[in-house]
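Quick notes on the structure that follows.
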Amino acid sequence: MSTKRWSLALAGAALSLSVAACGTPGQAGGGGAEGDGGADGPHKVGLVYSKSGPLAPYGAQYKAAFEVGLDYATDGTGEVGGQKIEITEKDDAGDPAKAVSAVTDLIGQDNEIIAGSTASGVALQVAPLAQDNKTLFISGPAAADAVTGANDYTFRSGRQTYQDVATAGTMLGDVKGKRVTVLAQDSAFGTANIDAVKSVLGTKGAKVTAIEAPAGAKDFTPYATKIKSQKPDLLFVAWAGDNATSMWGTLSQQGVFDTTKVVTGLDIKATHALFGEAGTKIDFLSHFFAGAADNEAYTALEEGLKEDGEEVDLFSTDGFVAAQMVVRALEEGDGDVDKMVSSLEGWKFEGPKGQMEIRPEDHAMLQPMFTVSLKKEGKQFVPELGETIDAADVAPPVATKK
């Protein structure tokens with residue numbers, strides 16, 4: 001890490017503190033007590049993310065880029081208005097209950113802003129706490145559409161599921177009358193993706209059908225046969241697990257790629273080889289990847305991560321943008337959470353993936369998306385940019401704040 005970058009204050013295991021005992025619900029966290037985010041104290045920001053658990057690789061990307069983003073947004077000082085930004089880091093392990101406990105603790109300790117939430121289930125539990133305690137919450141990689149419009153105090157630094165599916169739809173052009181098949185796991189994950197495709201593409205006139213397979217399936221031939229019999233114009237695949245390579249290999253062997261356009265989301269670098277040889281035949285939608293954009297913010301992200309021995313990956317942009325939002329809120333808010341909220345609503349700025357805009361009505365993060373292909377170079381599969389999709393073309397409908 002750069003010597004000019006400040007050290008993060010790591011919070012150890014602690015008993016959950018009652019917000020009612022340590023701060024008054026309904027008031028801003030930074031109450032003005034000396035040393036607690038007041039005029040003479042540091043700006044206190046809580047970072048609650050998946051340091052461990054199943055989403056730990058995503059959390060690590062977010063956190064590393066968050067540090068780089070703070071360095072960038074504060075010109076290397078780690079300060080706003082001459083006051084240090086003090087980060088208290090907590091691990092939610094992807095568990096909503098742990099996240100609620102950690103956030104309650106942080107709010108009780110007068111943290112002005114809470115950032116993080118790698119998992120959607122976590123974000124949806126933290127959002128009501130932000131509302132109840134009038135604390136600014138900036139959700140991270142969590143993609144659930146319901147985070148958008150959750151309440152006046154909840155924002156997001158990443159994309160949402162609607163933008164993923166809408167990006168897939170751009171690969172068909174006018175989807176009206178087109179046949180779309182979703183191959184998904186018979187699980188909550190699969191159901192969420194099926195529902196999203198029906199909601200986004202089905203409402204635009206596509207004829208959507210779903211094929212669900214057990215998450216632990218070993219033989220995918222029957223499912224490949226069923227897909228071919230439906231003759232879809234687009235096959236949207238939502239799959240995660242150890243059998244992914246087998247699934248993709250079967251689709252390729254059974255000729256599915258010869259008869260339809262196959263689309264799925266591009267995950268982190270470590271998963272690219274799991275597609276096997278089929279990877280070069282898939283049309284990928286992408287939130288972000290190394291080489292996705294070329295601007296000042298992207299260069300700062302790439303160089304900052306490299307300096308720390310890290311690389312740009314899928315959720316790097318989420319951490320970097322969260323840091324930009326934190327600094328913006330602290331600069332403009334002057335310790336008043338409602339001013340922080342107002343300063344973010346409608347804000348347009350350049351993030352690592354391009355021009356970003358926070359929609360004031362529901363706090364949706366309007367942003368460009370990408371189509372990508374994988375090219376095999378030796379034993380590696382390297383992403384290549386296809387199209388950069390304009391933010392307006394994948395913007396979700398305005399959500400009604402709850």
Side-chain angles (χ1 to χ4, degrees), residues 49-50 53-65 94 117-121 140-144 157-168 171 182-185 187-190 192-194 196-197 213 215 220 235-249 251-252 262-293 301 305 310-320 352-353 367-377 379-386 389 394:
Y49 71 105
S50 294
L55 299 180
Y58 298 164
Q61 292 175 17
Y62 171 88
K63 187 251 186 178
S117 293
T118 315
S120 291
S157 64
R159 95 301 188 202
Q160 61 188 83
T161 299
Y162 184 100
Q163 290 161 316
D164 283 340
V165 177
T167 301
M171 300 182 196
V182 184
L183 172 62
Q185 292 170 330
S187 65
F189 166 75
N193 277 272
I194 292 168
V197 174
F220 289 91
L235 172 66
F236 185 90
V237 180
W239 202 273
D242 295 338
N243 53 359
T245 302
S246 173
M247 182 270 295
W248 289 113
L251 294 184
S252 180
V262 180
V263 176
T264 195
L266 186 66
D267 204 344
I268 60 176
K269 287 181 180 179
T271 68
H272 294 178
L274 298 179
F275 294 104
E277 296 301 324
T280 59
K281 303 176 183 179
I282 300 169
D283 289 288
F284 293 96
L285 63 94
S286 178
H287 166 45
F288 191 63
F289 62 96
L301 171 64
L305 288 175
E310 306 284 351
E311 295 181 321
V312 174
D313 212 329
L314 178 63
F315 294 115
S316 299
T317 182
D318 296 20
F320 192 98
K353 65 186 296 186
Q367 60 196 285
M369 296 287 285
F370 310 98
T371 64
V372 185
S373 59
L374 284 180
K375 178 181 178 182
K376 190 173 183 181
E377 294 184 357
K379 294 183 179 181
Q380 303 295 318
F381 288 87
V382 180
E384 288 192 334
L385 177 64
I389 310 300
V394 292

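Just so it is clear, the values below take in all heavy atoms, side chains as well, and ignore hydrogens, waters and symmetry mates. Here the structure is a predicted model, which is why all the values come from computation and not from measurement.
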Closest non-hydrogen atom pair between [X] and [Y], with its separation:
X: V372; Y: P383; answer: CG1-CB, 3.6 Å
X: L385; Y: A292; answer: CD2-O, 4.0 Å
X: P352; Y: T317; answer: CD-OG1, 3.9 Å
X: S316; Y: L301; answer: CB-CD2, 3.9 Å
X: P141; Y: Y62; answer: CD-CD1, 3.7 Å

With distance as the sole test, does [X] use its side chain to make a donor-acceptor pair with the main-chain N or O of [Y] at under 3.5 Å?
X: K353; Y: P368; answer: yes
X: T245; Y: L274; answer: yes
X: E310; Y: Q61; answer: no
X: S120; Y: A143; answer: yes

Partners of [X] by side-chain contact (heavy atoms from CB on, under 4.5 Å), sequence neighbours excluded?
X: K269; result: H272, A290, E311, D313
X: Q185; result: S187, F189, A215, W239
X: P57; result: I268
X: A278; result: W248, S252, F257

Heavy-atom check, side chain of [X] versus side chain of [Y], under 4.5 Å:
X: L314; Y: L266; answer: no
X: L183; Y: M247; answer: yes
X: T371; Y: I389; answer: yes
X: V262; Y: K281; answer: no
X: D318; Y: Y58; answer: no

Inset, instruction - Apply ring-ring contact (aromatic ring centres under 6.0 Å, His included) to F320 and list each qualifying residue two or more places apart in sequence or on a separate chain. - result: Y72

Inset, instruction - Using the test ring-ring contact (aromatic ring centres under 6.0 Å, His included), find all partners of F284 that sit at least two apart in sequence or belong to another chain. - result: F275

First locate atom [atom1] of [X], then atom [atom2] of [Y], and finally report the distance between them rounded to the nearest 0.5 Å.
X: I282; Y: L235; atom1: CD1; atom2: CG; result: 9.5 Å
X: L374; Y: E384; atom1: CG; atom2: CD; result: 9.0 Å
X: S246; Y: L251; atom1: OG; atom2: CG; result: 9.5 Å

Using the test side-chain hydrogen bond (donor to acceptor under 3.5 Å, both in side chains), find all partners of [X] that sit at least two apart in sequence or belong to another chain.
X: Y49; value: E89
X: D164; value: R159
X: Q160; value: D145, T148
X: S50; value: D92

Inset, instruction - Specify whether F370 and F288 have parallel, tilted or perpendicular ring planes, treating 30° as the upper limit for parallel and 60° as the lower limit for perpendicular. - result: tilted

